Amino acid sequence: MSKRRAVLLLRERFRSSFFAHHRDRRTSIHRPRAVDSPHCSSAATYSSSRSRASPRPAMEVLRSIFSCFSSPRSAALAHNGLWSSGASEKNKAMVEQLQRYGVIKSAKVAEVMEAIDRGLFVPPGASPYFDSPMAIGYNATISAPHMHAACLELLEDHLQPGMRALDVGSGTGYLTACFALMVGPEGRAVGVEHIPELVASSTENIKKSAADPQLKDGSLSIHIADGREGWPELAPYDCIHVGAAAPQIPEALIEQLKPGGRMVIPVGTVFQELKVVDKKLDGTVSVRDETSVRYVPLTSKDAQLHSN
């Protein structure tokens with residue numbers, strides 16, 4: 001089976017995930033079944049081979065996937081979705097599969113994602129280890145595991161013990177809990193979510209997880225607020241993660257980013273880019289495109305609740 005035919009079959013039968021290849025730029029495209037919330041991960045994302053100091057995890061995924069297309073049997077396996085972490089039944093198996101495909105490279109990221117069981121952060125009856133975002137109510141979703149992994153990889157150097165992290169649009173609390181384990185009890189992990197019911201449910205989720213001790217000692221906290229304004233009370237932050245597309249980078253978030261810190265945020269309307277924003281020690285800011293993405297907009301509480 002040709003590469004093109006295999007890709008077409010993937011796209012037609014599994015609209016939730018497919019891979020495309022164009023010249024020497026290999027891309028991984030993920031289309032979820034549900035529209036993500038303004039405060040969660042992308043409604044559809046793809047990762048491209050733009051410049052970075054080290055090869056991006058998504059590229060390793062593609063090398064593995066496209067090398068499989070050399071045989072009809074391997075193409076058939078991809079067509080049947082057997083490469084997906086949806087085949088994993090347990091959290092550890094999901095993490096191992098993300099490692100196998102190169103999405104997770106860091107031992108620390110793998111350790112944290114194994115410690116924070118995704119199954120505790122999804123609605124009852126859902127398939128927590130399938131590589132797809134899932135609806136959590138209030139027009140919100142929990143991001144796909146590969147997106148969580150990608151963000152943790154991008155932010156790892158700014159999630160060291162003792163550092164401060166802000167998660168804008170904390171949703172179920174999953175990624176905030178991961179941040180908490182990475183910065184440790186001597187650091188601070190802060191989640192901001194503007195839906196009170198999600199703040200309440202995410203707090204309950206975290207209580208069942210390995211991050212519960214940090215919730216109790218106050219080094220992890222979730223707050224009801226408009227994420228576009230950040231959480232200035234505990235600024236500045238070594239890292240900021242934003243899970244929805246802003247028309248432009250909110251100035252409040254840039255101000256709350258510590259010199260030497262990093263922010264990951266999708267920016268754009270119809271065409272969007274996941275931006276990596278680095279604030280240098282002298283206060284100057286550099287911005288680069290990490291990947292093209294498709295996120296729902298970063299918006300107000302009312303707009304989110306009344307979106308179709």
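Everything numeric in this text was worked out from a predicted model, so none of it was measured.
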Backbone N/O of [Y] and side chain of [X]: donor-acceptor pair under 3.5 Å:
{"X": "Glu153", "Y": "Ser106", "value": "yes"}
{"X": "Gln272", "Y": "Pro266", "value": "no"}
{"X": "Glu156", "Y": "Met182", "value": "no"}
{"X": "Asp278", "Y": "Val287", "value": "no"}
{"X": "Lys279", "Y": "Ile254", "value": "yes"}
{"X": "Glu193", "Y": "Gly171", "value": "yes"}
{"X": "Ser209", "Y": "Ala211", "value": "yes"}
{"X": "Ser202", "Y": "Val199", "value": "yes"}
{"X": "Ser127", "Y": "Phe130", "value": "no"}
{"X": "Ser221", "Y": "Gly218", "value": "no"}

What's the shortest heavy-atom distance between [X] and [Y], and which atoms?
{"X": "Pro145", "Y": "Asp131", "value": "CD-OD1, 3.3 Å"}
{"X": "Ala244", "Y": "Ile265", "value": "O-CG1, 4.4 Å"}
{"X": "Ile104", "Y": "Ala149", "value": "CG1-CB, 3.6 Å"}
{"X": "Ile142", "Y": "Phe121", "value": "CD1-O, 3.7 Å"}
{"X": "Leu120", "Y": "Lys208", "value": "CD1-O, 3.3 Å"}
{"X": "Val276", "Y": "Glu290", "value": "CG2-CB, 3.7 Å"}

[X] with [Y]: basic N within carboxylate O range, under 4.0 Å:
{"X": "Asp238", "Y": "Arg164", "answer": "no"}
{"X": "Lys216", "Y": "Asp212", "answer": "yes"}
{"X": "Lys92", "Y": "Glu96", "answer": "yes"}
{"X": "Asp226", "Y": "Arg228", "answer": "yes"}

Check your understanding: At what distance, to the nearest 0.5 angstrom, does CG of Leu274 lie from CG of Asp289?
Key ->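 The CG atom of Leu274 sits 9.0 Å away from the CG atom of Asp289.
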
Review point. Going from CD on Glu229 to CD on Gln256, what distance comes out if it is rounded to the nearest 0.5 angstrom?
Key: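 The CD atom of Gln256 is 8.5 Å from CD of Glu229, to the nearest 0.5 Å.
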
Exercise for review: Dump the intermediate steps for side chain to side chain donor-acceptor pair (under 3.5 Å) on Glu273 and Ser292, then the final yes or no.
Suggested key: CA-CA 4 Å; Glu273 296 289 335; Ser292 295; 2.8 Å; yes

Review point. Given the rule in the side chain to side chain donor-acceptor pair (under 3.5 Å) test, do Tyr129 and Asp117 qualify, once you have shown the distances and angles that lead to the verdict?
Key: CA-CA 9 Å; Tyr129 312 115; Asp117 188 348; 2.7 Å; yes

Review point. Is the His241 ring parallel, tilted or perpendicular to the Phe179 ring (thresholds 30°, 60°)?
Key: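 His241 and Phe179: perpendicular rings.
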
Exercise for review: Apply the test side-chain contact (heavy atoms from CB on, under 4.5 Å) to residues Val264 and Val242: give CA-CA distance (whole Å), side-chain angles for both, the deciding distance (0.1 Å), then the verdict.
Suggested key: CA-CA 6 Å; Val264 174; Val242 183; over 6 Å; no

Point to revise | Side chain to side chain, Cys151 and Leu154, heavy atoms closer than 4.5 Å | key: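 A side-chain contact is absent here, since even the closest heavy-atom pair is not under 4.5 Å.
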
